[in-house]
Trainee: 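I have a structure here, written as structure tokens, and I will follow up with some questions on it.
As a basis for the values below, the full set of heavy atoms in this structure was taken, side chains included, without hydrogen atoms, waters or symmetry mates.
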Amino acid sequence: MAAGRPPPGAPSSAQHDDLLLDFGNEQPYYGGGQRSTLNDDDLLRLHSDDAQGAAQPRPSVSYDDFVGSGQTTQPTATRPIQPAPGATGGGGPISPYPDSRSLDRHFSQTSDLGNYQRYAEDSDDYPDESTTSYYQHGGAIPPDSAAARDSARARNSVLSMGGGLIGRAKNMLGMGPEGYSEMDLPLTDPRATARVDHSHEPPPPQKPAKKFDFKFGFGGGKPDPATLGPRIIHLNNPPANSLNKYVDNHVSTAKYNFATFLPKFLFEQFSKFANIFFLFTAGLQQIPGLSPTNRYTTIGPLAVVLLVSAGKEMVEDYRRKQADKALNMSKARILRGSTFEETKWINVSVGDIIRVESEESFPADLVLLASSEPEGLCYIETANLDGETNLKIKQALPETSSMVSSSELSRLGGRIRSEQPNSSLYTYEATLTMQAGGGEKELPLNPEQLLLRGATLRNTPWVHGVVVFTGHETKLMRNATAAPIKRTKVERQLNTLVLFLVGILLIFSVVSTVGDLIQRKVEGEEGLAYLFLDPMNGASAVARIFIKDMVTYWVLFSALVPISLFVTIEMVKYWHGILINDDLDMYYDVNDTPANCRTSSLVEELGMVEFVFSDKTGTLTCNMMEYRQCSIAGIMYADKVPEDRIPSGEDGEDGIHDFKQLQKNLESHQSAQVIDQFLTLLAICHTVIPEQAEDGSIKYQAASPDEGALVDGAVQMGYRFVARKPRAVIIEANGQQLEYELLAVCEFNSTRKRMSTIYRCPDGKVRCYCKGADTVILERLNDQNPHVDATLRHLEEYASEGLRTLCLAMREIPEHEFQEWMKVYETAQTTIGGNRADELDKAAELIEHDFYLLGATAIEDRLQDGVPETIHTLQEAGIKVWVLTGDRQETAINIGMSCKLLSEDMMLLIVNEESAEATRDNLQKKLDAIRNQGDATIEMETLALVIDGKSLTYALEKDMEKLFLDLAIMCKAVICCRVSPLQKALVVKLVKKYQKESILLAIGDGANDVSMIQAAHIGVGISGMEGLQAARSADVSIAQFRYLRKLLLVHGAWSYHRVSKTILFSFYKNICLYLTQFWYTFQNVFSGEVIYESWTLSFYNVFFTVLPPLALGILDQFVSARLLDRYPQLYNLGQRNTFFKIRVFGEWIINAVYHSIILYVGGCLFWLNDGPQGDGFPGGKWVWGTAMYGAVLLTVLGKAALVTNNWTKYHVIAIPGSMAFWILFVAVYGEVAPKLNISVEYFGVIPRLFTSPIFWIQMPTLAILCLLRDFAWKFSKRLWRPEAYHHVQEIQKYNIQDYRPRMEQFQKAIRKVRQVQRMRKQRGYAFSQADESQTRVLQAYDTTQHRGRYGEMASSRPNQ
């Protein structure tokens, strides 16, 4: 069976069409594992979260269509290529560097610049191309260059993004400038590869320019981006570049700036219905003669609420600005004159030539000019951009690769004509015009020369590059989105509850108003004459009275909606953020990184998460490969041998030997020759470049961490790779230096899944060394392989432990066979026509057969500490974990196994198709098989979906997304492989779109995860190895994935429970007090009279009941942290929204109504007949009202005590302390305030109140009567209908011993036995390098040569 997938057009997995699973007796098919041909811009165009059938936006226009035509590229169809005038139809070769004197050339983005609007907003500022360069001819930078930089910085502010607030306002009125903003440019359409030459067509007639063209509406006056043309970047000419006013390199991820803070903040605050309600009520209170309360009792607290919220937002945004500042102030080296000067990233400008050294990140998007490596090669890691950890190879143009010194660079003149900024990470078109031989030479630039901001230089001492895009124009930032305003599920529900209470308030007002009208009608004007009411003569008078009464009662009952609730919730959430920040269990001491809650307004949703979307590299893994074990000639070796696996004898194949025994066996064992060939293969069959340090040590430059780990493994065994030549490698083994002549390399790619190298060995024989996945090596073995079965058993064991495996094999090739094959191979190498790679693969098939199996290696892609336990615990808590990674399918499955996302007993549903129709069929068949199972043989808990990037592209289309989601949510785990950053966000948005009640959390550590983090309800960033881009954009940042466990199960559960209880108690306490006022209206002839003094009424929420909700919200623990972690099933309480359902809210409201009735009726009975005093005088309304206020307050505080789960000194201060404070306050305020002409209602009240025994008896009696029902309900519920958390609370209180750990250990042992016994049909293999030419890299290096004066290494190829 040929390896890999059937050829395009063949049916995919035909023999498995009727099966649900991809596991069977035969190996599953794999595709190339490559990214889809569609890029992120195509996905943006195809995918929208709008409803089905919504109008699609206009197609994006390509930047690439600059070929002098001014014609817009059509993205939907490929146009025929028209030959240039005078061109012959022959297919003769065309020189890549045509004669520069030709006037009718048509290079991409370079021709007929006069047809295009200049990049600069003011075309008069555009520099003449003959402007003298400062660096070539001396002289000073003009004094206005600093002003130009300031201007550029201003353009890069949030105000100017997308035209800015002022610019947008002008555009709405049709008064916008003729220019444009970079943020308005469309995305690149890479499919528009063919262009039409219109250079000889007559230009369209120009319309006369209007002096003032007024258009009313949105978006008027934006220019067609196709007319903008390329940007011109002058080399070594900062004054010329500064006149173009490119944006500077300042980057901001802050939510606000000085100008936008007020509008954005007010919009966010008044999106809450309660704040609109309070503003409306405050307005009504300002109407003189209508408000029964003081006019400032609502507007004052509302202002306080808004100020507190503004302060919290400012503090959190200040932290974001500080993080941005740290990045903007990073060190960079810019060429000034003939030397590199150290400066800050923020000072890097377009056109600057900068130097970046190994392990440093690129401060902007650069075009590579030269490097320390031969032929301008360099290695970069793009994990921060696309999640891929294998190193990418970039190469400078041959014409610039020799410019290794700063003096040579300072003499470089010319210009770059570059495409405009766009978001496509994988495309770039530009040309470099250099001064050469007295004329100019135009050279094409492509993505191979582009170094992106966010990528990191690896294994290369230094590179020189010229800056083409800066700041928010870099491709990294163009892929970023503005920080969204997120609202929690509880907040949205709270808005609904506020509307419900406003409805009740309206009913109360209507009842009271109608009651007033009826009372007036019944009593007549004579009966109520003492009230001096307006007469009811006529319909207009009745209407006027109705409106006045509605306003009066609206204001009177407005406190049903507690204004203190919102400032209380803000304070509670902010404090939760502090508790998360200060948790030592989530502090990572290795790099001194605590947890950081950047957006505290989302904390309660941490307790309601149902889906976790995780990146893999750097989030689950450390991206550090370690050589752990190997199997050679059927014998296992390992660096650490478990005690229960120590072999019984020297040849004990049942056990595991250590590496010391391997070295002994190399000397005298019967398998010594196999061991020698095994270690030789590790040392020579790779693409690693050795770098000799001054102290004699060797540093290996590996394109993938797997390759580096294997070479290091060979070094451990004494086979040291020391030098590479274009046609040979040199190793040290057994005390002698051996040189192997490299004859051919059959390169690795995703289809072959193997790599072969053919060497002439020191003994003169030709050998083919091959390493690759077991599926492709085992089918190419000869019949004389005695160790296959043993090696297979070892591979199964390695796979069960989550190790990445490779099979190693070799064969001796007879000389005549090699010579014949070499002719075929050389013919394939020179194939022209686009199928060279296929021909090389076919040639490799001819020689890769009849192998002898040497053994297998096992590499550990080391997981972060605690990852398997964390994922297992999250799954136990009912959280579904999806892994979205840029890695290959095999690697992702392998990691899924090792991190316990996937288990041995799971059924893997693999979707890996090449077309949309095949993808749909695959998804539909799997879904039908699950839904139509008659005997329920498939358990949902055992399903896991694995889908690759190309299939996912199709699955995310409108007509297929629901099908994909239905299958995915049935599975316990989902792995998406080879996904782009945008696809990560689209997957999150898809789940968000259809699972509207579910809370989604996304966690990642790189810039490629930012869009996913911002799309989810909660974004968590890992402050890891891939930089801080994700952490800066996230709502919460942590240092390790394992901290997610405590963040969700403990802090999340606590926050959800606390916030819910705070909200419910706040509503309860207000309704309990203000309903007594409603009952009083039936007794005061609906006159709008109040029971309580108005300032005391306002102080109810500000002073007397403000502390209990804070104590409940900040300190309450319904279950301890230890037991929440121990019993993850308790997390379901938040997922089911147990504590904040509408039913629970209704129960609290009914309870408040019940308490208010008892308090009002009881108060009336205690003070019957106006409460006659001992001296014969009645107590009066204010004595009765103040006494009732005390009873209400004691009842409310008693309820707080009843719902508190744990008591601390702060609870004592908040609950009993508030009651004591009220008694003291009333005693002092009631005496002092009337004398200051404030609250004159209290005049003479306090002496009568405090000397009356009724007052002191009434308060505890009514409170006990109210709370007796609550206590009885709580008791009966725990006794007869307990919840799960009630049992855990008893375990906590009585410290009941839990014996489950023993059972877990037993189950773990059973699982281990099953894993070893069960045959795995699929394993990950340790290959993650890029599918690009490794041969050109190998032939460029000669590490036996010394580096030059500037640290550069000359090319080993002869000059062409």
Side-chain angles (χ1 to χ4, degrees), residues 96-103 105 107-111 113 118-120 125-142 145 148 229-246 333-341 348-356 364-371 376 396-419 428-446 449-451 462-470 1350 1352:
Y97 309 122
D99 182 9
S100 60
R101 292 168 294 179
S102 174
L103 298 178
R105 292 168 302 153
F107 292 106
S108 172
Q109 309 175 24
T110 61
S111 304
L113 287 174
R118 299 290 194 181
Y119 180 86
D125 289 342
Y126 203 83
D128 191 310
E129 292 182 0
S130 63
T131 302
T132 303
S133 168
Y134 169 82
Y135 290 100
Q136 294 185 59
H137 306 287
I141 296 177
S145 63
R231 63 163 46 186
I232 307 298
I233 301 164
H234 294 266
L235 304 179
N236 280 322
N237 198 341
N241 290 319
S242 65
L243 293 175
N244 288 318
K245 301 178 183 175
Y246 299 125
R333 285 170 290 274
I334 299 179
L335 185 67
R336 294 281 184 245
S338 60
T339 58
F340 284 99
E341 294 180 3
V348 172
S349 303
V350 172
D352 283 346
I353 294 176
I354 65 173
R355 177 187 177 97
V356 179
D365 289 354
L366 318 173
V367 165
L368 177 63
L369 295 177
S371 80
L397 295 175
E399 286 79 3
T400 64
S401 62
S402 60
M403 297 180 181
V404 296
S405 68
S406 55
S407 58
E408 287 177 296
L409 287 168
S410 67
R411 293 192 295 271
L412 176 63
R415 60 192 175 276
I416 292 176
R417 299 182 177 187
S418 167
E419 68 181 18
Y428 182 67
E429 286 191 20
T431 59
L432 169 63
T433 303
M434 288 178 60
Q435 297 167 358
E440 287 191 342
K441 190 175 187 181
E442 196 164 21
L443 310 171
L445 296 172
N446 58 49
Q449 285 86 46
L450 187 66
L451 307 176
W462 52 260
V463 296
H464 297 147
V466 59
V467 177
V468 289
F469 303 131
T470 50
Y1350 302 102
E1352 79 280 9

Trainee: Testing the basics here: between Ser401 and Ala370, what is the closest heavy-atom pair and its distance to 0.1 Å?
Mentor: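 In terms of heavy atoms, the two residues are closest at O-CB, 3.7 Å.
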Trainee: Name all residues meeting the side chain to side chain donor-acceptor pair (under 3.5 Å) criterion together with Ser402; count only those two or more places apart in sequence or in a different chain, and write none if there are none.
Mentor: none
Trainee: Of the non-hydrogen atoms in Ala430 and Ser418, which two are nearest, and what is the gap between them?
Mentor: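 That would be CB-CA, 3.6 Å.
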Trainee: Does Met434 reach the side chain of Leu412, with side-chain heavy atoms less than 4.5 Å apart?
Mentor: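 They are in contact (side-chain heavy atoms under 4.5 Å apart), so the answer is yes.
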Trainee: Using a 4.5 Å cut-off on heavy atoms from C-beta on, say whether the side chain of Leu366 contacts that of Ile354.
Mentor: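 When only atoms from C-beta onward are counted, Leu366 and Ile354 do touch, with a gap below 4.5 Å.
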Trainee: Is the closest side-chain heavy-atom distance between Val467 and Ile334 below 4.5 Å?
Mentor: no
Trainee: When rounded to the nearest 0.5 angstrom, what distance separates CG in Leu409 from CG in Asn236?
Mentor: 7.5 Å
Trainee: Quickly, which of Asn446, Val367, Asp365 forms a side-chain contact (heavy atoms from CB on, under 4.5 Å) with Tyr428? Name it, please.
Mentor: Val367
Trainee: Looking only at heavy atoms, which two atoms of Ala364 and Phe469 are closest? And how far apart?
Mentor: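 Smallest heavy-atom distance, with atoms named: CB-O, 3.3 Å.
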Trainee: Is any side-chain heavy atom of Asp352 less than 4.5 Å from a side-chain heavy atom of Arg336?
Mentor: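 In contact.
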Trainee: Could you tell me whether the side chain of Met403 reaches within less than 4.5 Å of the side chain of His464, counting heavy atoms only?
Mentor: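 The answer is no, as the side chains (C-beta and beyond) never meet within the 4.5 Å cut-off.
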Trainee: Under the side chain to side chain donor-acceptor pair (under 3.5 Å) rule, collect the residues that match up with Glu408, sequence neighbours excluded.
Mentor: Ser405
Trainee: Between atom CG of Leu432 and atom CG of Leu369, what is the distance when rounded to the nearest 0.5 Å?
Mentor: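 Reported value, rounded in 0.5 Å steps: 7.5 Å.
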Trainee: Judged by atom type as modelled, is there a donor-acceptor pair below 3.5 Å linking the side chain of Thr433 to the main-chain atoms of Gly414?
Mentor: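 No, Thr433 side chain to Gly414 backbone: no donor-acceptor pair under 3.5 Å.
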Trainee: How long is the gap from CG on Leu235 to CD1 on Ile416, to the nearest 0.5 Å?
Mentor: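 One gets 5.0 Å once the value is rounded to the nearest 0.5 Å.
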Trainee: Side-chain contact, heavy-atom cut-off 4.5 Å: Asn241 with Ser349?
Mentor: no
Trainee: Among residues at least two apart in sequence or on other chains, which ones pass side chain to side chain donor-acceptor pair (under 3.5 Å) with Arg333?
Mentor: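 Arg333 satisfies side chain to side chain donor-acceptor pair (under 3.5 Å) with Glu360 once adjacent residues are dropped.
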Trainee: How long is the straight-line distance from CZ of Arg415 back to CD1 of Ile233, given to the nearest 0.5 Å?
Mentor: 12.5 Å
Trainee: Which atoms form the tightest heavy-atom contact between Gly337 and Ser410, and what is the distance?
Mentor: O-CB, 3.1 Å
Trainee: Search all heavy atoms of Ser371 against all heavy atoms of Gly376 and return the closest pair with its distance.
Mentor: OG-C, 3.3 Å
Trainee: Could you tell me the separation between the CZ atom of Arg231 and the CG atom of Asn244, rounded to the nearest 0.5 Å?
Mentor: 8.5 Å
Trainee: As an exercise, state the distance from OG1 of Thr400 to CG of Leu368, rounded to the nearest 0.5 Å.
Mentor: 7.0 Å
